[in-house]
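Sequence lines set the chain letters: A, B, ... in the order given, protein chains first and strands last, and positions in each chain run from 1.
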Number of protein chains: 2
Amino acid sequence: MSKSIETQKNAPPGRAPRNDGSSGGRMAGGERRQQIVRVAMRLFSQRGFSGTTTREIAQEAGVSEAMVFKHFATKEDLYAAILDHKACAGDMGDACAALGGAMERGDDAAVFSGLAQGVLHFHEHDTDFARLLMHSALQGHELFQMFWERNVRQMARFLCGYIRERQQAGALRDMEPMVIARAFIGMTLYHSLVNIIFDPQRSLLDIPNERAAQEFTEILLHGVATQATAGKSITKPSGQKKGLSTVRQSVAIAAKKKKSRS
Amino acid sequence: MSKSIETQKNAPPGRAPRNDGSSGGRMAGGERRQQIVRVAMRLFSQRGFSGTTTREIAQEAGVSEAMVFKHFATKEDLYAAILDHKACAGDMGDACAALGGAMERGDDAAVFSGLAQGVLHFHEHDTDFARLLMHSALQGHELFQMFWERNVRQMARFLCGYIRERQQAGALRDMEPMVIARAFIGMTLYHSLVNIIFDPQRSLLDIPNERAAQEFTEILLHGVATQATAGKSITKPSGQKKGLSTVRQSVAIAAKKKKSRS
DNA sequence: GTCTATACACCGATAGAC
DNA sequence: GTCTATCGGTGTATAGAC
């Protein structure tokens, strides 16, 4: 967690405060633009697009409102510039590349754990942008869809590919790869969502990213049941064409044991 | 300009359309109020609080704007009424009660699967409210915090209690219960989020709730690693001093047994 | 109860001085 | 490049007729 909410006290009317530690002199064009973007991202991430006024942005950035519109023709342009800047980077490529070694070794724990750490780290150090993404997702903004396509979705497909490989190698059970990928991304992302949105006070569970990533990986790979109960459990999945042979087997074993269902 | 926000077909000016199938006659006071709340919930859930105007609400509800303010003193009051109505119901109590049987039998699969189904079903049939909750979470609305406290958090604690019980019975591994609970709620909730917010077209994975609940349960309880690799790495002690050792061990073992390949 | 008409603050965006 | 001043439009909320 970083400088997420450092609300400098409200600006005295008529005088523009600096929120960035700059000395107050003139800034180069590019720098000023970047400053506006930074402030806008923080405000948009806190109050949403329509909940933030260009006046507030200008004020907190220490410039007049006209300056904002000199750099960005419309408010929407400013919003898009923020999303565009980061959302389209497609950082997933780098992140996945860094896992290449672990993948080749078939080190599942390192692959999953590394991936989770990447996601958690990103959210922790770019909280504002993560919140902004949620806002834009709810609005159905087209730039979120681009982010989804180029990052989350690509990561899911990447993960599916790896899972499929490992299934063929006999290391992973024969379940639908996308279900596995979603389960793991779900654990990870939800953990971040709780930390930065749902319960920022971390009153329920506050653990370092590395440990969270490892625990989730452990759960994904080996589950939480002890060996003693490993054979029993699970109700029968309704008929699905797909290959769920492993599940079916455990179902068959479990069949004798129960009269379940509620 | 700023029309990126999913534009529902604009209402023809001058005449108020009915969006709820009512015939257009007068309504009783309570009914009218309910009608306004329903429309408002849909609009708020799509465009957010500040992104929705009282004019739009009145128009789509088929009444004049003044009527809205007769029933609700302010826009915020209307917003709060919606959240208050559902968020404070504390439905978790009922949901958990329904699992009592499975709990007493120690049928872990039924407990987890039932819980997941409850959550997934709720989101599927109350999509608008789920989206509204996300909006209110992002703006840190106090009524979301109440929802969080009375529902999600209570569910997490409930789950933790059950997990702890089962750990003492030797059925579940000795991990931090809250981590397990979060992992499972995470899989489930993220699945819903993808379905209703991130990727409503369901282009990646579209499976019925029952199957999703069962697959996630299976993963949580038994993991995705095959038996061949499963037994060799789980010796996790409760000691959390480093947490690394276990994972590292399994990594080392897994790395060695590589190359077997199909 | 329901409407029309309107008050009035504020928002996004622009013009033009320095 | 940066400001002050301001415009037209829209938003919430209210008054008062029917």
*asked:* Please report the distance, rounded to the nearest Å, between CD1 in A/Ile36 and C1' in C/dA13.
replied: 15 Å

*Starting at the 5' end of DNA chain C and moving along, which residue's nearest nucleotide shows up first, B/Met67 or A/Glu56?*
B/Met67

*Of the nucleotides C/dT2, D/dC3, D/dA13, which one has an atom closest to the side chain of B/Lys70?*
C/dT2

*In whole Å, what is the span from the CG atom of B/Leu78 to the P atom of D/dG11?*
16 Å

_For A/Glu149, is there an ion pair with A/Arg157 - N to carboxylate O distance below 4.0 angstrom?_
yes

*Rounded to the nearest angstrom, tell me the gap between atom CD1 in A/Ile57 and atom P in C/dC11.*
11 Å

_Which nucleotide in D/dA13, D/dC3, C/dG12 has an atom nearest any side-chain atom of B/Thr74_ = D/dA13

*Identify which nucleotide among C/dA13, C/dT2, D/dG11 has an atom closest to any side-chain atom of B/Thr53, counting heavy atoms from C-beta outward.*
D/dG11

*asked:* Without decimals, in angstroms, what is the distance between A/Leu43 CG and C/dG12 C1'?
replied: 16 Å

*Would you classify B/Ser50 as touching base, sugar-phosphate or nothing, given that sugar-phosphate means primed atoms plus P, OP1 and OP2, and contacts are heavy atoms under 4.0 Å?*
nothing

_Whole-Å distance separating the NE2 atom of B/His71 from the P atom of D/dT12_ = 18 Å

*Would you confirm whether the ring centroid of A/Phe198 sits within less than 6.0 angstrom of the ring centroid of B/Phe144?*
yes

_is_close_aromatic(A/His141, A/Phe49), centroid dist under 6.0 Å_ = no

*Do A/Arg55 and C/dG12 have a side chain to base donor-acceptor pair shorter than 3.5 Å?*
yes

*Looking just at side-chain N and O atoms, do A/Arg153 and B/Ser203 make a donor-acceptor pair shorter than 3.5 Å?*
yes

*asked:* Taking B/Val119's backbone N and O only, do any of them form a donor-acceptor pair with B/His123's side chain (distance below 3.5 Å, no angle check)?
replied: yes

_Phosphate OP1/OP2 of C/dG12: any A/Thr54 side-chain N/O under 4.0 Å_ = yes

_Listed nucleotide nearest any side-chain atom of B/Ala66, set C/dT2, D/dG11, D/dA15_ = D/dA15

*Gap between atoms NZ and P, on A/Lys75 and C/dC10 respectively (whole Å)*: 15 Å

*Taking CZ from A/Arg33 and C1' from D/dT2, how many angstroms apart are they, rounded to a whole number?*
17 Å

*Whole-Å gap separating C1' (D/dT2) and CD (A/Glu65)*: 14 Å

